[in-house]
Amino acid sequence: MIPPAFDYHAPKSVGEAIALLGQYGSDAKILAGGHSLLPMMKLRFAQPAHLIDINRIAELRGICEDGADVVIGAMTVENDLIASPILRAKVPLLAEAPKLIADPQVRNRGTIGGDIAHGDPGNDHPALAIAVDASFVLEGPNGRRTVKADGFFHGTYMTDLAEDEILVAIRVPAFAAGTGWAYEKLKRKTGDWATAGAAVVMRIDAGRVTHCRIALTNVAPMALRATDAERALLGQSLTDASVAAAAQAAMAICDPAEDLRGDREYKTAMAGEMVKRAIRAAAARCQ
Ligand SMILES: Cc1cc2nc3c(=O)[nH]c(=O)nc-3n(C[C@H](O)[C@H](O)[C@H](O)COP(=O)(O)OP(=O)(O)OC[C@H]3O[C@@H](n4cnc5c(N)ncnc54)[C@H](O)[C@@H]3O)c2cc1C
């Protein structure tokens, strides 16, 4: 319950925050919504000597359109994703799925950027970002670079983010007309992390799947893109056999940790079930 002592910094710009990261190196941590970092500090799993609070940097918040992309500031909180008319119209999966994240109080503080940067396989945004083909804009001392969500997550708490970089925005291509989508999350209770989750984005034309992205939550050290599962559907019509083949392919890449949510066999089976449900739900939304 009692976090260790730390120095607190509240920069007003991204440049200032990056300079502080450069100054304090691995002794510093970015503080976003604080709903993963502070719990870890209270348990003394993390003991940063400097917290760099980025809540006062206005440019990191908000959702706007930029050509065919929707751009979400990293400090946008979950409840603002849910309420966003732009997301509802252009990338509805990212307005609906956060309703399944944590609880209302956490969603008023927890940010999409923090959820992604944390690199927790239990978090929901990593798989969602992969499914919607998001890119992440990272800023460091040498400027900005943009990386794909698919490939960003390397392992538990390990991502492409360098120690002196800040995730500033998430760029998402607007869904093409008629795109279907779903996020199916099995959890023990409201506010819990997924036992297994599956995100699906799909288009169907003349009865055949023409576009399909499938990503999995909490069934491996990091969120996974299930490319073989996608291949099992592309060009096919949705039948019990093609959906079962996709689920089987997704289960084949699962490598879940055993914990109080279940053993490997159970979590892997549940990943398959979530994939089946998400495919069916996404298909029902395709037009
Ligand atoms: C009771 C409870 C239930 C929860 N349930 C869920 C759930 O079901 N699903 C889910 O996905 N999450 C869940 N969470 C986690 C919650 O969504 C967190 O808010 C989220 O994981 C981290 O976001 P944050 O903004 O709070 O980041 P913080 O806790 O402030 O930071 C997390 C980490 O990311 C780094 N960081 C944050 N922002 C940036 C940035 N812009 N650039 C670089 N590094 C950055 C920090 O330095 C830190 O290491 C839950 C949390 C609680 C307390």
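Remember, it's 1-based here, ligands and their atoms both numbered in the order they're listed. The figures here come from the full heavy-atom set of this structure, side chains too, leaving out hydrogens, waters and symmetry mates. As the structure is a computational prediction, the values presented were derived from the model and not from experiment.
A donor atom on one side chain and an acceptor atom on the other are found under 3.5 Å apart for Tyr183 and Thr217. Arg61 and Asn55 form a side-chain donor-acceptor contact under 3.5 Å, judged by distance and modelled atom types alone.
The shortest N or O to N or O distance between Arg109 and ligand 1 is not under 3.5 Å. For ligand 1, none of its N or O atoms has an N or O atom of Gly113 under 3.5 Å away. Residue Glu165 has no N or O atom closer than 3.5 Å to an N or O atom of ligand 1.
Residue nearest to atom 32 (C) of ligand 1, selected from His118, Met75, Glu78: His118 (by heavy-atom distance). Within the set Ala117, Ala194, Gly110, the minimum heavy-atom distance to atom 35 (C) of ligand 1 is found for Ala117. One option in Leu37, Thr76, Asn123, Asn218 has a heavy atom closer to atom 12 (N) of ligand 1 than any other, and that option is Asn123. Comparing Ile170, Asp115, Leu60 by heavy-atom distance to atom 10 (C) of ligand 1, the nearest is Asp115.
In this structure, atom 46 (C) of ligand 1 lies nearest to the protein heavy atom Ile30 O, 3.0 Å. The protein heavy atom nearest to atom 16 (C) of ligand 1 is Val106 CG1, 4.0 Å. The nearest heavy-atom contact from the protein to atom 27 (O) of ligand 1 is Gly114 CA, 3.6 Å. Atom 9 (N) of ligand 1 has as its closest protein heavy atom Asp124 OD2, 2.7 Å. Looking only at heavy atoms of the protein, atom 13 (C) of ligand 1 is closest to Trp193 NE1, 3.4 Å. Looking only at heavy atoms of the protein, atom 42 (N) of ligand 1 is closest to Leu167 N, 2.9 Å. Nearest protein heavy-atom neighbour of atom 26 (O) of ligand 1: His35 N, 2.8 Å. At the shortest separation from atom 21 (O) of ligand 1 among protein heavy atoms lies Ser36 OG, 2.6 Å.
Ligand 1 places these atoms under 4.0 Å from at least one heavy atom of Thr111: 23 (O), 24 (P), 25 (O). Ligand-side atoms of ligand 1 in range of Lys29: 47 (O), 49 (O), range being under 4.0 angstrom from any heavy atom. Taking every heavy atom of Asp192 and a limit of under 4.0 angstrom, the matching atoms of ligand 1 come to 8 (O). Listed by number with element, the atoms of ligand 1 under 4.0 angstrom from any heavy atom of Gly33 are 24 (P), 25 (O), 26 (O), 27 (O), 30 (O). Atom numbering of ligand 1 starts at 1 in the shown order; those under 4.0 Å from a heavy atom of Ala32 are 25 (O), 27 (O), 30 (O), 37 (C), 38 (N).
Heavy-atom separations between Asp120 and ligand 1 are all 4.0 Å or longer. Look at Gly34 and you'll find a heavy atom under 4.0 Å from some atom of ligand 1.
Contacts with ligand 1 closer than 4.0 Å are made by side-chain heavy atoms of Lys185 only, the backbone lying farther away. Only the side chain of Ile54 comes within contact range of ligand 1, with a heavy atom under 4.0 Å; no backbone atom does. Under 4.0 Å from ligand 1, the heavy atoms of Leu161 that appear belong solely to its side chain.
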Inset, instruction - Could you walk me through whether Arg171 and Val137 pass side chain to side chain contact (heavy atoms under 4.5 Å, CB included), step by step? - result: CA-CA 7 Å; Arg171 295 189 74 98; Val137 183; 4.0 Å; yes
Inset, instruction - Report the C-alpha distance between Glu139 and Arg145 in whole Å, list the side-chain angles of each, state the deciding distance to 0.1 Å, and finish with yes or no for salt bridge (charged side-chain N to carboxylate O under 4.0 Å, His left out). - result: CA-CA 7 Å; Glu139 187 167 334; Arg145 63 188 179 112; over 6 Å; no
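Shortest non-hydrogen contact noted between Phe152 and Leu161 is CE1-N, 3.9 Å. The shortest heavy-atom contact between Met41 and Phe6 is CE-CD2, 3.6 Å.
A continuous path of ILVMFWY side-chain contacts below 4.5 Å connects Trp181 to Leu234, so both sit in one hydrophobic cluster.
To the nearest 0.5 angstrom, Leu20 atom CG is 4.5 Å from Ile52 atom CD1. Expressed to the nearest 0.5 Å, how far CE of Met222 lies from CG of Asp255 amounts to 8.5 Å.
Salt bridge status for Arg277 with Glu273: present, with a side-chain N to carboxylate O gap under 4.0 Å. Between Asp124 and Lys187 there is no salt bridge, since none of the side-chain N atoms of the basic residue sits less than 4.0 Å from a carboxylate O of the acidic one.
Aromatic ring centres of His118 and Tyr157: separated by under 6.0 Å.
Test Val91, Ile72, Ile112, Val71 against Ile63 for side chain to side chain contact (heavy atoms under 4.5 Å, CB included) and you get one pass: Ile72. With Asn123 as reference, Asp115 is the one residue of Asn218, Ile116, Asp115, Leu128 to meet the side chain to side chain contact (heavy atoms under 4.5 Å, CB included) rule.
Using bins of under 30°, 30° to 60° and over 60° for the plane-to-plane angle, the ring pair His50/Tyr24 lands in the parallel bin.
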